[in-house]
Amino acid sequence: MSDREPIFVTQPALPDLEAFIPYLREIWDRRMLTNGGPVHQRLEAALCEYLGVEHISLFCNGTQALITAVQAAGLSGEVITTPYSFVATAHSLLWNNLKPVFVDIDPDTLNLDPARIEAAITDKTTAIMPVHCYGHPCDTGSIRQIAERHGLKVIYDAAHAFGVRDEAGSLLRHGDLSVLSFHATKVFSTFEGGAIVCPDEATKRHIDQLKNFGLSRDGSTVEHLGSNGKMSEIHAAFGLLQLEHLDLALEKRRLIDQRYRKGLADVLGIRCIDGVGEHIGNQAYFPILVEPAYPLARDALFEHLAAHNIHGRRYFQPLISSLPMYCDAPSASPSNLPAANRMVEQVICLPIYPTLEHETVDFIVGLIVQAAA
Ligand code: T4K
């Protein structure tokens, strides 16, 4: 075992603790701790401006935001989704009594393959739930055309896609709704948190109601089967503080991403991944694919890195479609999902976070290069 400090796949970027104190004092003085208080409202406004979107509803986490987004969309029957994601994606459908129908991914982007969606549409299909996996944009144009042709809703799991922009603006404007995660491991974090990006004020009001038990606006009655998905004032305050430092954090991620790409460019059998089209990414993850041309198998390289205290992650293994509550569906069969099953055996997400030293990136690249020599 190496005597280097362990390096994990990510590490939250924490601003100076002293800078958080005035936010805490403000909350203490006001004694308004949650239920859409003023700090919460400030964060909603600040995020709309930062992300370039019109309406946003904050949540206690991304999973509850996904569940509520699906509920708000009023879906029934079947929803087409990807097996190559964190389990919360499909869970949000099961929680709404919907049947996930898995469609294979594009091996170049690891996102839902639009060319395979139409074959999976039946008379029960009501929506598509793609994921901007690792923050890399889906083929939003093709997905929109398919949805329009078949009268389907589109809910993007944009948990990884905070701040990602395509040629026309925020990636989050695509689809009927987009859902973000602000978990500690994400580019922008509120410790735990999430949000739904909504197209209009009426949808936002409905979602705000659903995350607040379904209470009517004046609180006198309950109009919907709501849950409690609210974000507290402390979490919102941490978000406001984080936003002050976000551009610098993203720039540091960009430099690390470039350094990895440059260092790994000529390593036979190591492939770096990106989304489709011109876009500005957020470098949330740094996935590599260990292909057959590389002399070590993926797990052997993973263990080699771990022996040097470099702890990547094999996101998203196991595939959702292989999990006990999903594997019996016909669409979950490996023969229906050859690319997802192949890619999940090849992927390693390498460490990336703003305070990761360039010297450590070079060390990781060196390990991968030397193991190939
Ligand atoms: N949709 C998608 C596509 C998602 O990826 C996720 C979540 C969701 C929906 C649901 O959103 P949330 O409900 O979570 O808001 C993590 C996260 O728990 C999860 O948020 C995330 N995706 C998923 C991809 O990864 P783990 O099992 O990797 O977490 P953990 O604890 O192993 O952390 C990874 C590394 O990060 C650790 O080795 C050390 C470091 N770390 C972690 C935490 C929590 C820290 O340094 N500090 C920390 O506080 O799941």
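Scope of the values below: all heavy atoms of this structure, side chains included, with no hydrogens, waters or symmetry mates. Note that ligands are numbered from 1 as they come in the structure, with each ligand's atoms numbered from 1 the same way.
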Among Phe8, Tyr315, Phe191, whose heavy atom sits nearest atom 39 (C) of ligand 1? Phe8

Ala88: numbered ligand 1 atoms lying under 4.0 Å from its heavy atoms: 8 (C), 9 (C), 10 (C)

min-distance protein heavy atom vs atom 44 (C) of ligand 1 -> His183 CE1, 3.8 Å

A student comparing Leu14, Asp157, Thr10, Thr190 should find that the heavy atom closest to atom 36 (O) of ligand 1 comes from Thr10

Look at atom 33 (O) of ligand 1 and say which protein heavy atom is nearest, naming residue and atom and giving the distance to 0.1 Å. Thr185 CG2, 3.8 Å

Donor-acceptor pair between Tyr326 and His91 side chains, under 3.5 angstrom: yes

Looking at Lys252 and Asp247, is there a salt bridge between them, counting it only when a charged N and a carboxylate O are closer than 4.0 Å? no

Under 4.0 Å from atom 31 (O) of ligand 1, is there any protein heavy atom? no

Below 4.0 angstrom from a heavy atom of Pro12, which ligand 1 atoms are there? Numbered from 1 as shown, please. 45 (C), 46 (O), 47 (N)

I want to check a possible cation-pi pair here: Lys211 against Phe59, using under 6.0 Å from ring centre and within 45° of the ring axis as the test. yes

Below 4.0 Å, non-hydrogen atoms only: which portion of His160 touches ligand 1? Side chain, backbone, both or neither. side chain

Using a heavy-atom cut-off of under 4.0 Å, does the side chain or the backbone of Thr63 touch ligand 1, or both, or neither? both

Salt bridge check: are Arg254 and Glu251 linked by an N-O gap of less than 4.0 Å? yes

Proximal ligand 1 atoms for Ser85, defined as those under 4.0 Å from one of its heavy atoms: 3 (C)

Between Arg217 and Asp208, does any NZ, NE, NH1 or NH2 come within less than 4.0 Å of an OD or OE carboxylate oxygen? no

Measure from atom 2 (C) of ligand 1 to every heavy atom in Pro351, Gly312, Ala159 and give the option owning the shortest one. Ala159

Any side-chain donor near an acceptor of the partner, Asn35 and His40, under 3.5 Å: no

Tell me, please, whether Tyr353 has Arg253 positioned over its six-membered ring: NZ or CZ under 6.0 Å from the ring centre and within 45 degrees of its axis? no

Identify, for atom 35 (C) of ligand 1, the protein heavy atom at the shortest distance, and state residue, atom and that distance. Val9 CG1, 3.9 Å

Measure from the side-chain N and O atoms of Asn309 to the backbone N and O of Glu5, and report whether any donor-acceptor pair falls under 3.5 Å. no

Ligand-residue contact atoms, ligand 1 with Arg313, heavy atoms, under 4.0 Å: 26 (P), 27 (O), 28 (O), 30 (P), 32 (O), 34 (C)

Nearest non-hydrogen atom to atom 20 (O) of ligand 1 belongs to which of His132, Lys186, Glu192, His91? Lys186

Looking at His136 versus His160, is the centre-to-centre ring distance below 6.0 Å? no

Could you tell me whether ligand 1 has any atom less than 4.0 Å away from a heavy atom of Cys133? no

Determine whether any heavy atom of Phe316 lies closer than 4.0 Å to an atom of ligand 1. yes

Atom indices of ligand 1, in the order listed, that fall short of 4.0 Å to a heavy atom of Gly193: 15 (O)

Hey, does Gly194 sit under 4.0 Å from ligand 1 if you only count heavy atoms? no

So does Glu26 pair up with Arg31, basic N to acidic O under 4.0 Å? no

For the pair Lys204 and Glu44, find out whether any cationic side-chain nitrogen is under 4.0 Å from an anionic carboxylate oxygen. yes

Closest protein heavy atom (residue, atom, distance) for atom 6 (C) of ligand 1: Phe86 CD2, 3.3 Å

Just which atoms of ligand 1 are under 4.0 Å from any heavy atom in Ser181? 11 (O), 12 (P), 15 (O)

Ring center gap for Phe191 and Phe238 short of 6.0 angstrom: yes

With distance as the sole criterion, is a donor-acceptor pair present between the side chains of His150 and Glu118 under 3.5 Å? yes

Do any heavy atoms of Gln64 fall under 4.0 Å from ligand 1? no

Output the list of atoms in ligand 1 that are nearer than 4.0 Å to some heavy atom of Ala184, sorted by atom number. 49 (O)

Geometry only, no angles: is Gly62 polar-contacting ligand 1 at N/O separations under 3.5 Å? yes

